[in-house]
Novice: 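My questions all concern the structure below.
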Amino acid sequence: MSVGNGPAAGSQALPPLDPRVMLRQVAALAEDLREQTGPFDEQVRSRLSAQWAAVDSVTIVGDGDSYHAACAVQMAFASLAGVDCRPVSALRFVDYDLPFADCRPPRTELTLAVSASGRTPLVVRSAERAREAGATTVAVTATSGSALTAASDGALLVTLPRTERSPGVRSYQASLLGLLLIAIRLGEARKRLTRQEADALRGELAALAGPVEATAEAARERCREPAERIAGAPVLTVVGSGPSYGTALFGAAKVIETSGIFATGQDLEEWCHVERFARPADMPMVVVAAPGRSYRHAVEVAAKAAALGRRVIAVAPEDDTALARHSCAALPVTGRVREEYSPLLYHVFAAPFSCYLAQHLGRAPFLADRRPGPSPTFRHDGETS
C-alpha cells in the first residue's frame with residue numbers, strides 16, 4: 001500500500017477520503033502523459049544508462065501498486081530490451097531471493113526498486129542489498145532525497161504536480177511510464193533497438209494520451225451501472241494474463257482499497273484451475289482482455305465463467321464482439337496499442353469502477369468511515385494506493 005499527501009504520525013487527523021477524488025485522478029491521466037513523457041525520458045537518457053550495455057537481467061522490486069506495475073511491464077523488458085525480467089515483491093527479494101542467489105558477475109544485473117514515497121522499508125532494504133551484491137540499482141520514485149534514492153546508484157524521479165490524497169491512480173501510471181521508458185533505453189543501450197526504433201517507441205507512449213483521455217471519458221459513463229449492479233457481492237475476481245496480469249492485480253487492489261469489497265487478481269489459466277470452483281456461482285468477474293497473445297484465452301475463460309453463472313464484466317477494445325457475447329457489461333477501451341503498452345490503457349477502468357462501488361455502498365477508502373477514533377495517518381506516495 002502506498003499512501004499520499006497526508007500528515008505525519010501524531011499530527012492532526014484528516015477527514016476520511018472521498019472516493020470521488022479518484023475521478024479527478026483519472027481525468028488527469030492524459031495530461032500527465034502529455035506533460036511527463038518527455039521529462040521522464042530526458043532523465044532516463046541523461047542519468048541512468050552509463051553501465052547498461054552490459055546488463056543481461058533485470059529485477060523489479062516493489063510492494064502494492066509498485067509490484068503490480070512491475071508485473072505489468074515484464075513483457076516490455078523481455079521484448080524491447082531483450083533481457084530476462086523478474087517482478088518480485090520486496091519481502092521475497094530480501095528474505096528469499098538474495099540469500100540463495102548464485103554470485104553474478106558485477107554490474108550485469110539491473111535492480112529497479114519502485115516506491116513512489118521512497119520510504120517503503122523493504123523496498124529500501126532491497127536496494128541496499130542488491131547494491132551490496134554488485135547489481136546496478138536504480139530507484140523509481142516520486143520523492144527526491146528519500147531513503148530509496150540514497151540506497152541506489154541512480155534514480156528516475158516520476159514526480160507529478162498537483163497531487164492529492166487518493167487511492168493511487170496517477171502515481172501508478174507514472175511508475176508504468178517510467179519503467180517502460182527504462183525498458184526502451186535499455187534496449188537501445190544493448191543494441192536491441194536502433195535510435196530510430198527507440199524514438200518511435202517513445203513517440204507511441206506520448207501518443208497514448210488521446211486514447212487514455214477517450215477511455216477515461218467512456219469509463220466515467222460506463223462504469224457506474226455495472227458497479228452498482230454488483231455492489232452487493234461479497235467478493236470479486238479480476239483476471240488477465242501477460243501485461244494484463246499486472247492490470248488485474250492493480251484493479252483488484254483499487255476495489256479493495258476504495259470500497260472494502262474483497263477482490264482477487266488472478267491469471268486467466270490459474271482461474272480455470274482454482275477460482276472457477278469458488279462460490280457463489282454468480283460471483284462478479286472482470287476479464288481484462290487487451291489485444292495480444294492472451295486475448296483468445298481471455299474470451300475462452302469468459303465463456304467458461306458465463307456458463308458457470310458468473311457475472312462477467314469485459315474490459316476490452318471498443319469494437320470487441322467476441323468477449324461481449326459472454327459478458328453482462330462491457331467497459332470499452334479506445335484505441336489500439338501494442339501489448340507491451342496495454343497496461344497504460346487497460347487500468348483506466350479500475351478507478352471509476354471502484355469509486356462507484358464505494359459511492360453506492362456509502363463507504364470511504366481504506367475503511368476510514370468504519371474506524372473508531374481519529375482517521376488513519378498517511379505516508380506520502382504521491383497518492384494513496
Side-chain angles (χ1 to χ4, degrees), residues 17-37 65 72 160-164 166-177 180 203-231 238 240 243-244 247-248 250-251 253-255 257-259 286-291 312-321 323-324 327-339 341-360 365 382-385:
L17 294 172
D18 185 335
R20 291 175 296 181
V21 74
M22 296 180 75
L23 299 180
R24 292 199 295 271
Q25 306 304 305
V26 172
L29 289 172
E31 192 63 22
D32 284 346
L33 276 178
R34 293 188 183 100
E35 291 183 351
Q36 303 304 328
T37 301
D65 287 358
L160 299 172
R162 305 175 298 277
T163 58
E164 56 187 326
S166 166
V169 180
R170 294 174 66 206
S171 55
Y172 179 71
Q173 178 182 264
S175 295
L176 287 175
L177 178 60
L180 290 168
E204 287 182 30
L205 284 175
L208 283 175
V212 165
E213 188 167 44
T215 300
E217 290 175 359
R220 287 176 67 102
E221 298 296 324
R222 299 287 290 271
C223 284
R224 185 184 296 275
E225 191 277 333
E228 293 178 352
R229 188 191 309 173
I230 62 92
V238 189
S244 292
T247 303
F250 174 78
K254 296 306 106 176
V255 168
E257 293 169 357
T258 310
S259 72
V286 178
V287 179
V288 182
V312 176
I313 299 169
V315 180
E318 60 185 348
D319 60 354
D320 169 83
T321 57
L323 194 68
S327 307
C328 67
L331 305 179
V333 176
T334 299
R336 291 289 173 177
V337 61
R338 66 174 62 238
E339 189 173 8
Y341 291 177
S342 61
L344 286 168
L345 270 178
Y346 280 75
H347 82 92
V348 172
F349 83 94
F353 184 72
S354 301
C355 169
Y356 295 141
L357 279 171
Q359 283 186 300
H360 187 77
E383 293 160 16
T384 307
S385 83

Novice: Kindly say whether Q36 contributes a backbone atom to a donor-acceptor pair with the side chain of D32 at under 3.5 angstrom?
Specialist: no
Novice: Hey, does the side chain of Y346 reach the backbone of Y341 with a donor-acceptor pair shorter than 3.5 angstrom?
Specialist: no
Novice: Using a 3.5 Å distance criterion without hydrogens, assess whether the side chain of E257 forms a donor-acceptor pair with backbone atoms of P167.
Specialist: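 No; judged by distance alone, with no hydrogens or angles, the pair does not exist.
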Novice: Ignoring hydrogens, what is the shortest heavy-atom contact between S171 and L160? Give both atom names and the distance.
Specialist: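 Between these two residues, the closest heavy atoms are N-CD1, 4.0 Å.
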Novice: Where do P226 and F353 come nearest, in terms of heavy atoms and distance?
Specialist: C-CE1, 4.2 Å
Novice: Does any non-hydrogen side-chain atom of V286 lie less than 4.5 Å from one of F349?
Specialist: yes
Novice: Check for a donor-acceptor pair, side chain of R222 on one end and backbone N or O of A330 on the other, with a separation under 3.5 Å.
Specialist: yes
Novice: How many angstroms lie between OG1 in T163 and CZ in R170, if you round to the nearest 0.5 Å?
Specialist: 7.0 Å
Novice: Salt bridge (charged side-chain N to carboxylate O under 4.0 Å, His left out) between R162 and E31: does it pass, once the steps are laid out?
Specialist: CA-CA 12 Å; R162 305 175 298 277; E31 192 63 22; over 6 Å; no
Novice: Within a strict 4.5 Å, meaning less than it, do heavy atoms of the Q25 and E164 side chains meet?
Specialist: yes
Novice: Is there side-chain contact between K254 and D65, with heavy atoms separated by less than 4.5 Å?
Specialist: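 K254 vs D65: side chains touch.
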Novice: With heavy-atom distances below 4.5 Å as the criterion, would you say the side chains of V238 and V288 are in contact?
Specialist: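 Yes, side chains in contact.
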Novice: Check for a donor-acceptor pair, side chain of T334 on one end and backbone N or O of P211 on the other, with a separation under 3.5 Å.
Specialist: no
Novice: Indicate the atoms forming the closest heavy-atom contact of P19 with T258, along with that distance.
Specialist: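 Result for this residue pair: CB-CG2, 4.0 Å.
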Novice: Looking at V348 and A216, what are the two nearest heavy atoms and their distance?
Specialist: CG1-CA, 3.6 Å
Novice: Taking only residues two or more places apart in sequence, or in another chain, which ones meet E339 in a side-chain contact (heavy atoms from CB on, under 4.5 Å)?
Specialist: M75, P243, R293, S294, S342
Novice: Side-chain donor-acceptor pair under 3.5 Å between Q359 and E228, yes or no?
Specialist: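 Not at all, the side chains of Q359 and E228 share no donor-acceptor pair under 3.5 Å.
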Novice: Rounded to the nearest 0.5 Å, what separation is found between the CD atom of E225 and the SG atom of C328?
Specialist: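 Answer for the CD-SG pair, E225 versus C328, is 8.0 Å.
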Novice: Can you give me the closest heavy-atom contact between L357 and A227, atom names plus distance?
Specialist: CD2-O, 3.2 Å
Novice: Is there a side-chain contact (heavy atoms from CB on, under 4.5 Å) between L208 and T37? Walk through the geometry before answering.
Specialist: CA-CA 10 Å; L208 283 175; T37 301; over 6 Å; no
Novice: Just so I know, are the side chains of E318 and V333 near enough to count as touching, which here means a heavy-atom distance under 4.5 Å?
Specialist: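 Side chain of E318 against side chain of V333, heavy atoms only: no contact under 4.5 Å found.
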Novice: Which pairs pass salt bridge (charged side-chain N to carboxylate O under 4.0 Å, His left out) with one or both residues in residues 329-338, sequence neighbours excluded?
Specialist: E204-R338, D319-R336
Novice: Quick check: closest heavy atoms across V21 and S166, and the distance to 0.1 Å?
Specialist: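 Shortest heavy-atom contact: CG1-CB, 3.5 Å.
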Novice: Roughly how far, to the nearest 0.5 Å, is CZ of F250 from CD of Q173?
Specialist: 9.5 Å
Novice: Kindly compute the distance separating OG (S327) from CD1 (I313), expressed to the nearest 0.5 Å.
Specialist: 9.0 Å
Novice: For the pair H347 and Y172, name the ring-plane relationship: parallel under 30°, tilted 30 to 60°, perpendicular over 60°.
Specialist: perpendicular
Novice: Has S354 got a side-chain atom pairing as donor or acceptor with V255's backbone, closer than 3.5 angstrom?
Specialist: yes
Novice: Does L345 reach the side chain of V212, with side-chain heavy atoms less than 4.5 Å apart?
Specialist: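 Touching, per the 4.5 Å side-chain cut-off.
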